Amino acid sequence: MGKLFDLEASGYFYSRLQNPTNDYVAARICALEGGTAAMLTSSGQSANFFAVFNICNAGDHVVCSSAIYGGTYNLFNVTMRKMGIDFTFVTPDCSDEELNAAFRPNTKAVFGETIANPSLAVLDIERFAKAAHDHGVPLIIDNTFPTPVNCRPFEWGADIVTHATTKYMDGHASGVGGAIVDAGRFDWFAHADKFPGLTTPDESYHGIVYAERFGKEGAFITKATAQLMRDFGSTPSAQNSYLVGLGLESLHVRMERHCKNAQAVAEFLESHEKVAWVNYCGLPSSKYYALAQKYLPNGSCGVISFGLKGGRPAAEKFMKSLKVAIIATHVADAHTCVLHPANATHRQLSEAELEKAGVPSDLIRLSVGIEDVEDIIDDLKQALETIG
Ligand SMILES: *Cc1c(COP(=O)(O)O)cnc(C)c1O
């Protein structure tokens, strides 16, 4: 027991820190991403919080893509600012000059989403990784939407990957959960002054130096488990992790179907007279088409956004008329889900912030499920007929 508490041996002694089911599922996600260490958390929110807070203290700074999930934006822009951590948001399409100008001497990380929820902007991971590494900091990528089936950010230079397993990995809306995976490549000692939490003794563990004891491969996840999970307790229940593990069994089959269905739905919507615009990176009309071809050659995800010619009121009428698609906050699920973010997930944001986050107030987010694609399209067709 003493050795376990001193991190001298690995084993199980209290489920808040680690338990075998969680570790088993984390190891499978780790293998899918091609990482060296991983942990599960009780939500995607806690995964992103831990990933950033593990290397940032009060007084530190993060460069972040502005096209991110609304919950993450609030976490960073409101709650973590209160903790003394500052964020500079840059659009994923910013120039290299703008990106490099966002860094400060106290910058400790760069953060972005492979495919942003819900703006669907595709991040140029290689470009953001280069900027991060030129400034001696890691790139953290939230890879929730493509999943490692469609993109493995480590292959493009990312250092840490996070997930809301709540979405495709679980796949069946059975539980909220998150994951953090480390590529095991970032050299903390090469930038020792920036990352004292990993390169200087942790007095709460008898002076252990994480980057020394656990190396590049294990330091980040061990520290996040030993300190953050110990203190914040955002541990998933083993039962929820078991369900994520079941979801992983069919992830590769479901992702293929989601992408195939979404492509057909996007093409249908784009050709419909009542539809003003469609945003799906699998469409040649998308400004992210080229990036998607590079980073997501086998498909992106099942999520599409679009606007109707009738704007916000038409969107509300349309959504009420749907019979197969359900109105839900949830996304990336086996069932087709639909949401009007300006009325829901993003309602705290001002019009200007909505624009900046790539979520205009007329945007409808459609998360295409794995039902028969003809049923999905028929449903959209009849709902479109109800609007004037
Ligand atoms: C849903 C989501 C989150 C948050 O995950 P929760 O499990 O709901 O806390 C984070 N990032 C992305 C991209 C998401 O879609």
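Order of listing sets the numbers, starting from 1, for every ligand and every atom in it. By convention here, the first residue in the shown sequence is residue 1. For clarity, every value in this text was computed on a predicted model and none was experimentally measured. All values below come from the heavy atoms of this structure, side chains included, with hydrogens, waters and symmetry mates left out.
- Contact between Gly177 and ligand 1 is present, with at least one heavy atom of the residue lying under 4.0 Å from the ligand.
- Here the heavy atom of the protein found nearest to atom 7 (O) of ligand 1 is Thr166 OG1, 2.6 Å.
- If you number the atoms of ligand 1 from 1 as listed, the ones under 4.0 Å from a heavy atom of Val176 come out as 7 (O).
- The protein non-hydrogen atom at the shortest distance from atom 14 (C) of ligand 1 is Lys167 NZ, 2.9 Å.
- Among residues two or more places apart in sequence or in another chain, the side chain to side chain donor-acceptor pair (under 3.5 Å) test is passed with Ser285 by Glu270.
- Two residues are said to be in side-chain contact when any heavy atoms from C-beta on lie closer than 4.5 Å; Ile180 and Phe220 meet this criterion.
- Counting only heavy atoms of the protein, atom 6 (P) of ligand 1 lies nearest to Gly44 N, 3.3 Å.
- Salt bridge annotation for Lys223-Asp202: absent, with no cationic side-chain nitrogen under 4.0 angstrom from a carboxylate oxygen.
- Of the possible polar contacts, none joining the Arg365 side chain to the Asn117 backbone as a donor-acceptor pair under 3.5 Å is found.
- Each of the atoms 13 (C) of ligand 1 lies under 4.0 Å from some heavy atom of Glu113.
- Residue contacts with ligand 1: Ala164 is placed with no nitrogen or oxygen under 3.5 Å of a nitrogen or oxygen of the ligand (distance criterion only).
- For Asp23, the side chain to side chain donor-acceptor pair (under 3.5 Å) partners at least two apart in sequence or on another chain are Tyr12, Gln18.
- One finds a salt bridge joining Asp96 and Arg127 here, because a Lys/Arg side-chain nitrogen approaches an Asp/Glu carboxylate oxygen to under 4.0 Å.
- With hydrogens and angles disregarded, no donor-acceptor distance shorter than 3.5 Å links the side chain of Asp60 to the backbone of Lys108.
- Taking any N or O of Gln45, backbone or side chain, at least one lies under 3.5 Å from an N or O belonging to ligand 1.
- Here the heavy atom of the protein found nearest to atom 4 (C) of ligand 1 is Tyr69 CE2, 3.4 Å.
- What sits closest to atom 11 (N) of ligand 1 on the protein, heavy atoms only, is Asp142 OD2, 2.6 Å.
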